[in-house]
Each structure stands twice: as structure tokens, then as C-alpha cells.
Amino acid sequence: AQSVTQLDSQVPVFEEAPVELRCNYSSSVSVYLFWYVQYPNQGLQLLLKYLSGSTLVESINGFEAEFNKSQTSFHLRKPSVHISDTAEYFCAVSEMDTDKLIFGTGTRLQVFP
Amino acid sequence: ETGVTQSPTHLIKTRGQQVTLRCSSQSGHNTVSWYQQALGQGPQFIFQYYREEENGRGNFPPRFSGLQFPNYSSELNVNALELDDSALYLCASSLALGRAGEQYFGPGTRLTVT
């Protein structure tokens, strides 16, 4: 069985500062890894995903995440955050070629001016 | 192309009642999954439907049931509602099985059980 741990429930940061949201996972099989973002009163939006290939994956809005198999981590980073990045961020895993997503408990990113 | 839609947006039910939530998949998507997101928690997988058949279930009791229709829209039914069923219910559709990274989520239905 898989599990996901997001170590930080809340991350406050000032605008234009760098941020890292941590995610560790546990699985006995190979997995796909995902980051989703949830804005207030909205559903989940896929931010980025790792399926195979390069361990560094990027989103169109400046976020990136690196798959580290030895540390079973998939931390999300952004070098300079914006007020509009304020949201809940969920890390998730799935077994390869399945649809069932296992989510972490989420990290609330709060960006202050 | 329309996205995933869910109805209703919000509803309030009383303990013991039954509820039906609806999901309209993105055009062309034949697979739908349902998730329960309790307050302050990540979503938890309830079950998945593929071409009108259940194709996997999470750790939820049988009073959680579903349907998928020929047009691939879907329903989630919950019988004998309990207070702990209060949550945001999300559906997600995808083009085919095995496409976890290509699921599109709806905005959710907020269910409150009193």
C-alpha cells in the first residue's frame, strides 16, 4: 500500500520569496507522483506530474518538483512566489497504470505582501 | 469542450437520510472516479467506474454506491447518512483507464450532514 506524508500543514511566506513544500511517500512498488493545487471553493487542478524520464519536472507557472527515489521524496519548489499562489497544495501518488490517487493531507501556502 | 461539472454545489441533509450527487464527465471521457475530502484532509478514493461498471473501490462501506450511465455521467449515492459523511465530494474523469495523471476534477459538492 502507498502513503503520502506532507510534513508542513501551513507554510507562510512573503511575496517574491522562495518556497519549498515537502512531500515524502511510501510504496513497495513503482509509482507516479503528482502535485495538485486547490484554490478556495474550487476543485483540484493538476500542477505537475512525474511519470518517468527526467526527475525534475516543471509547471507552466514556475513551480518545479524533483523526484528523489532514494529519499522517496517529491518536494515542490518555486524560486519566487506571488500572492496568487496562495492555495492548498496536495501531493499524491498512484501505482503505475492505475487511476487511484493517494493524497497527502495538504499544505496551505499563504503568501503575504 | 466543457469540463467536469457537479451538482448540486452545496446541500444539507439530516442524519439517516439518503443523498445523490451527480457528475458530468468531460466530453469523451469514459472513466470517472469519486473522492471524499473531509475538512482539513486530502481527498480519499471512494470508487471508480469504467464503461458503467465499478472498477475499484476504496475503504468505504456499502452504503456508498454509484452508477455510471451510457453517456458516462455518474452518480454517487450515500444511504443512512452519518455526521462524518460531511465533506466535499469530488469526481474526476479521464479518457481511459490507467490515466491517473490525466484526470480532470470537478469543483465538488459540499455535503453537510446535521
Side-chain angles (χ1 to χ4, degrees), chain A residues 1-10 21-27 29-53 57 59 65 67 74 76 87-108, chain B residues 3-10 21 23-26 29-51 53-60 68 74 87-110:
Chain A
Q2 297 84 41
S3 66
V4 177
T5 301
Q6 292 184 247
L7 296 166
D8 307 300
S9 60
Q10 296 186 63
L21 307 184
R22 296 179 292 171
C23 173
N24 288 89
Y25 70 93
S26 174
S27 178
V29 299
S30 296
V31 296
Y32 296 145
L33 295 155
F34 309 89
W35 276 99
Y36 282 85
V37 58
Q38 187 174 37
Y39 298 101
N41 301 312
Q42 293 189 27
L44 297 169
Q45 298 176 32
L46 180 65
L47 190 59
L48 44 76
K49 61 186 176 185
Y50 171 77
L51 303 181
S52 64
V57 290
S59 72
F67 168 54
F74 192 54
L76 181 70
E88 190 88 21
Y89 291 80
F90 292 95
C91 182
V93 303
S94 73
E95 284 186 29
M96 289 183 171
D97 299 325
T98 72
D99 297 339
K100 177 182 176 182
L101 289 165
I102 306 297
F103 287 88
T105 52
T107 296
R108 170 106 178 121
Chain B
V4 179
T5 59
Q6 293 185 242
S7 63
T9 305
H10 298 87
L21 311 181
C23 172
S24 180
S25 300
Q26 187 153 322
H29 287 192
N30 59 21
T31 304
V32 65
S33 300
W34 285 91
Y35 291 82
Q36 180 196 65
Q37 186 180 9
L39 196 62
Q41 299 295 316
Q44 291 191 41
F45 177 78
I46 302 175
F47 45 55
Q48 179 188 71
Y49 278 81
Y50 170 65
R51 292 188 174 180
E53 297 287 331
E54 188 177 293
N55 183 58
R57 189 178 184 90
N59 189 26
F60 281 82
Q68 188 181 32
S74 176
L88 180 68
Y89 289 85
L90 298 163
C91 77
S93 72
S94 58
L95 267 175
L97 289 176
R99 302 285 189 97
E102 297 173 17
Q103 290 187 39
Y104 293 86
F105 281 82
T109 294
R110 174 76 61 188

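Chain identifiers are assigned alphabetically (A, B, ...) following the order of the sequence lines, protein sequences preceding nucleic acid strands; residue numbering begins at 1 within each chain. Basis for what follows: all heavy atoms, side chains included, without hydrogens, waters or symmetry-related copies.
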Exercise. Examine whether an atom of B/Gln6 lies under 4.5 Å from a heavy atom of chain A, and if so say whether it belongs to the side chain, the backbone or both; otherwise answer neither.
Key: neither
Exercise. Compare every heavy atom of B/Gln41 with every heavy atom of A/Phe90, then report the nearest pair and how far apart it is.
Key: CE2-O, 3.8 Å
Quiz prompt | Neighbour count >12 (heavy atoms, 6.0 Å) for atom OH, B/Tyr104 | solution = no
Exercise. Check whether any side-chain heavy atom of A/Leu101 lies under 4.5 Å from a side-chain heavy atom of B/Pro43, and answer yes or no.
Key: no
Quiz item: Could you give the distance from CD (B/Gln103) to CG (A/Leu46), rounded to the nearest 0.5 Å?
Solution: 10.0 Å
Exercise. Please state whether the side chain, the backbone, both or neither of A/Gln45 comes within less than 4.5 Å of a heavy atom of chain B.
Key: neither
Self-check item: From A/Gln38 atom CD to B/Leu90 atom CG, the distance as rounded to the nearest 0.5 Å
Solution: 6.5 Å
Exercise. State, with a plain yes or no, whether a side-chain heavy atom of B/Asn55 is found less than 4.5 Å away from one of A/Lys100.
Key: no
Quiz item: Taking the six-membered ring for Trp, is the centroid-to-centroid distance between B/Phe45 and A/Phe103 below 6.0 Å?
Solution: no
Quiz prompt | Interface moiety of B/Tyr35 toward chain A, non-hydrogen atoms closer than 4.5 Å | solution = side chain
Quiz item: Do other residues, nucleotides or ligands put more than 12 heavy atoms under 6.0 Å from the CD atom of A/Gln2?
Solution: yes
Quiz item: What part of B/Thr31 lies closer than 4.5 angstrom to a heavy atom of chain A: side chain, backbone, both or neither?
Solution: side chain
